[in-house]
Structure formats: C-alpha cells, structure tokens
Colleague: 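Pasting a structure here, questions to come.
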Amino acid sequence: MFALNRLAVATGEPQWNDLAVQLAKAIHPHFMTKRGHHESMVWKVSIDMGHPLVNSKGNLDDVDGLVIYQLLQDTAESFNKQSTSNGSKQSPTLDAEIEHYRRIMTSHPKSLSGDPLDLGMSLWICHFDREAEWSRELAKKGLTIARDRFLPAAQSPITASRRGYRLAFREFGACLGIKCYVNDPSQSLRDDTNRVLEAWEGKLLSAADEDLRPINLTMYAAALIPGGEL
C-alpha cells in the first residue's frame, strides 16, 4: 500500500493510490479481532485470509496501519480536489478503518524494546505525523534510546570478531529512522548516525554475508539518502 501510494505521488497518477485504498478496505476486516473486551488485531493471516497465522499483534502494527491509511486518505483527498473540475470519480474514504485503528491504539500503550529495527521503525512512522500526541511520546522514547544506547554502541569499530554479533541491515534501519525524524543536518544525532554508516563502509560485500547482501545494501542505500533525493 505504501509503495502504491509513493508511485501515485511520484507519477501524479491517482489510480495507484486508488488501488492502495481498495486493498486497504479489502484486507482490513481480516486482520481485526477482539481480546476480551478490547478491539485488537493480528500480525499475519493466511494467503486466502481465511484464518490468522500469527494471533498476536506486533508492537507498532496499529500505529503503522493508522499512519499508512491516513497517508492514503490524504493523498486521495489531494487528488480529489484536482479532479473536481473535470468530474472524475472520487476515491472511497478510509474513515471507518482509520477510526478502528485509533480505538485499538487507546488500549495498547506503546513501548520500545531498544532493538535497532524497532527503534528505526518507530521514528520513521512518527515523522509522518509529528504533532500527534502518540507520535510525540513515541519519538521522545526513540530519540532517548538512540542517543543513550544505540548510537554509542553502533559507532564502535566493526572488527571481524564482532561482526557475527551485529546485523548491518538492522543498524541501517535505526539510522534510517533517526535521519527521517531528525531532519536538521546540523544536529549531533545526524552526525552520529553518519558515523555508524561510515563504520560499515567497505564491509558489506563480505562473502560471509552473502545471504544478507541484498537487504544490507538496500537498507544501506536508504539510510544514506532517505527519500532517494541526491
């Protein structure tokens, strides 16, 4: 859905975002459930969407759903404004699905484990809606972990003996999230993040990492240039 949305924005062609909205409305009910008296969701369902494959909910699943659905909705509204003059058909809304995610979030407080990917994902998702209360609280936790735990450890030299304990793509995920949220290049967090990336430079093509090479290089490129603009 996010990829379809980005394609629509990049090309100016609303049909790609329309497909993402259709997909969201079609799959949404299959991920929703109840636990006791609280609305909740599941992390993974079967291909035919007949039953859950994982009954638990990921820490950020409801936040991710809310933000992506809101992004699809905002994009659709932007295209709809452009189409009112020529009478084009307008996209359906995701109001009910967005409100569903809001209700789930009220009964699932957010915390961060300190895992680099969890850290990166939280800051990445927060940067789409910086003013929301949940976003400010989650970003505050994430920036504290980044400053006090992740960056000091990740800037250490990457020696052969330590590489087995560090997964490049996970560290790059954290770097990507930090750079998306901290958009001022003059801030020290940006400098520290760039030093982590520099520490990995020249060490990503080792034969020992052959299976992880595609995701390592993809995440490295994304963390170097968030947004893909030179």
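Only this structure's heavy atoms are used, side chains among them; waters, hydrogens and symmetry mates stay out.
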Colleague: Please answer: with hydrophobic residues joined when any side-chain heavy atoms are less than 4.5 Å apart, are Met1 and Trp16 in the same cluster?
Modeller: no
Colleague: Do the side chain of Lys179 and the main chain of Ala222 share a donor and acceptor less than 3.5 angstrom apart?
Modeller: no
Colleague: According to a 4.5 Å side-chain heavy-atom criterion applied to Ile, Leu, Val, Met, Phe, Trp and Tyr, with indirect links allowed, do Phe79 and Val9 form part of one hydrophobic cluster?
Modeller: no
Colleague: Could you verify whether a donor N or O on one side chain and an acceptor N or O on the other, from Asp74 and Gln70, lie under 3.5 Å apart?
Modeller: yes
Colleague: Supply the atom-to-atom distance Leu224 CG to Thr193 OG1, rounded to the nearest 0.5 angstrom.
Modeller: 11.5 Å
Colleague: Is it the case that the side chain of Glu13 and the backbone of Ala8 share a donor-acceptor pair, with hydrogens and angles ignored and the cut-off at 3.5 Å?
Modeller: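 No, because the side chain of Glu13 does not come within donor-acceptor range (under 3.5 Å) of the backbone of Ala8.
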Colleague: Does the His127 side chain pair with the main chain of Cys180, one donor and one acceptor, at a distance under 3.5 Å?
Modeller: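 Side chain of His127 to backbone of Cys180: no pair is present.
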Colleague: I need the Met41 CE to Ser56 OG distance, nearest 0.5 Å.
Modeller: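 Reported to 0.5 Å precision, the distance equals 10.5 Å.
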Colleague: Do Trp43 and Ile125 sit in the same hydrophobic cluster, where Ile, Leu, Val, Met, Phe, Trp and Tyr count as joined when their side-chain heavy atoms come under 4.5 Å apart?
Modeller: no
Colleague: For the ring pair Trp124 and Phe2, is the centre-to-centre distance below 6.0 Å?
Modeller: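 Yes, the ring centres sit under 6.0 Å apart.
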Colleague: If every non-hydrogen atom of Val196 is compared with every non-hydrogen atom of Cys175, which pair is closest and at what distance?
Modeller: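 Taking Val196 first and Cys175 second, the nearest heavy atoms are CG1-SG, 3.7 Å.
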Colleague: Between the side chains of Glu137 and Trp134, does any donor sit under 3.5 Å from an acceptor?
Modeller: no
Colleague: Output side-chain donor-acceptor pairs under 3.5 Å for residues 104-112, partner residues at least two apart or in another chain, one line each.
Modeller:
| from | atom 1 | to | atom 2 | distance (Å) |
| --- | --- | --- | --- | --- |
| Thr106 | OG1 | Arg103 | O | 2.5 |
| Ser107 | OG | Ile104 | O | 3.2 |
| His108 | ND1 | Ile104 | O | 2.8 |
| His108 | NE2 | Ser40 | OG | 3.4 |
| Lys110 | NZ | Asp62 | OD1 | 3.3 |
| Lys110 | NZ | Asp62 | OD2 | 3.1 |
| Lys110 | NZ | His108 | O | 2.5 |

Colleague: Quick one: does Ile178's side chain get under 4.5 Å of Phe150's, heavy atoms only?
Modeller: yes
Colleague: Decide side chain to side chain contact (heavy atoms under 4.5 Å, CB included) for Leu94 and Val21; before the verdict, give the C-alpha distance in whole Å, the side-chain angles of both, and the deciding distance to 0.1 Å.
Modeller: CA-CA 7 Å; Leu94 290 168; Val21 172; 4.1 Å; yes
Colleague: Within 45° of the axis and under 6.0 Å from the centre of the six-membered ring of Tyr181, does NZ or CZ of Arg130 qualify?
Modeller: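 Cation-pi check for Arg130 and Tyr181: passes.
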Colleague: Scan side-chain atoms only and decide if Ser113 and Asp115 contain a donor-acceptor pair under the 3.5 Å cut-off.
Modeller: no
Colleague: Work out which heavy atom in Asp48 is nearest to a heavy atom in Ser46; give both atom names and the distance.
Modeller: OD1-OG, 2.6 Å
Colleague: With rounding to the nearest 0.5 angstrom, report the CG to OH distance, Leu176 to Tyr220.
Modeller: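 Rounded to the nearest 0.5 Å, the CG-OH separation comes to 13.5 Å.
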Colleague: Taking the side chain from Ser135 and the backbone from Asp129, do they hold a donor-acceptor pair closer than 3.5 Å?
Modeller: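 Side chain of Ser135 to backbone of Asp129, a donor-acceptor pair under 3.5 Å: yes, one is there.
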Colleague: With a 6.0 Å cut-off on ring centres, are Phe31 and His100 close enough?
Modeller: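 Phe31 vs His100: aromatic centres not under 6.0 Å.
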Colleague: Between the side chains of Asn5 and Thr75, does any donor sit under 3.5 Å from an acceptor?
Modeller: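 Indeed, the side chains of Asn5 and Thr75 share at least one donor-acceptor pair under 3.5 Å.
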Colleague: Are Leu119 and Trp200 connected, step by step, through hydrophobic side chains (Ile, Leu, Val, Met, Phe, Trp, Tyr) whose heavy atoms are closer than 4.5 Å?
Modeller: yes
Colleague: With heavy-atom distances below 4.5 Å as the criterion, would you say the side chains of Phe172 and Thr218 are in contact?
Modeller: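 Answer no - side chains too far apart.
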Colleague: Linking I/L/V/M/F/W/Y whenever any side-chain heavy atoms sit under 4.5 Å apart, do Tyr101 and Val42 land together?
Modeller: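 Same cluster.
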Colleague: What pair of heavy atoms forms the shortest contact from Pro226 to Ala223, and how long is it?
Modeller: CD-O, 3.6 Å
Colleague: Starting at CD of Glu77, measure out to CG of Leu72 and round the result to the nearest 0.5 Å.
Modeller: 11.5 Å
Colleague: Looking at Arg190, is its backbone amide N or carbonyl O close enough to the side chain of Asn194 to form a donor-acceptor pair, meaning the two atoms are under 3.5 Å apart?
Modeller: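 Yes; judged by distance alone, with no hydrogens or angles, the pair exists.
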Colleague: Is the backbone N or O of Leu151 less than 3.5 Å from a side-chain atom of Gln155, with the two atoms forming a donor-acceptor pair by type?
Modeller: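 Here the side-chain-to-backbone pair exists.
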Colleague: Could you walk me through whether Val45 and Leu53 satisfy the side chain to side chain contact (heavy atoms under 4.5 Å, CB included) test, starting with their C-alpha distance in whole Å, then the side-chain angles of each, then the deciding distance to 0.1 Å, before giving a yes or no?
Modeller: CA-CA 5 Å; Val45 299; Leu53 295 178; 5.7 Å; no
Colleague: Arg6 pairs by side chain to side chain contact (heavy atoms under 4.5 Å, CB included) with which of Leu71, Thr11, Asn17?
Modeller: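 Only one of Leu71, Thr11, Asn17 forms a side chain to side chain contact (heavy atoms under 4.5 Å, CB included) with Arg6, namely Leu71.
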Colleague: Given 3.5 Å as the limit, does a donor-acceptor pair link the side chain of Asp61 with the main chain of Lys57, or not?
Modeller: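 Side chain of Asp61 to backbone of Lys57: no pair is present.
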Colleague: Which distance, rounded to the nearest 0.5 Å, do you find between the CG of Asn216 and the CE of Met219?
Modeller: 9.5 Å
Colleague: Measure the CD1-NZ distance between Ile145 and Lys140 for me, rounded to the nearest 0.5 Å.
Modeller: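 Interatomic distance, Ile145 CD1 to Lys140 NZ, rounded to 0.5 Å: 13.0 Å.
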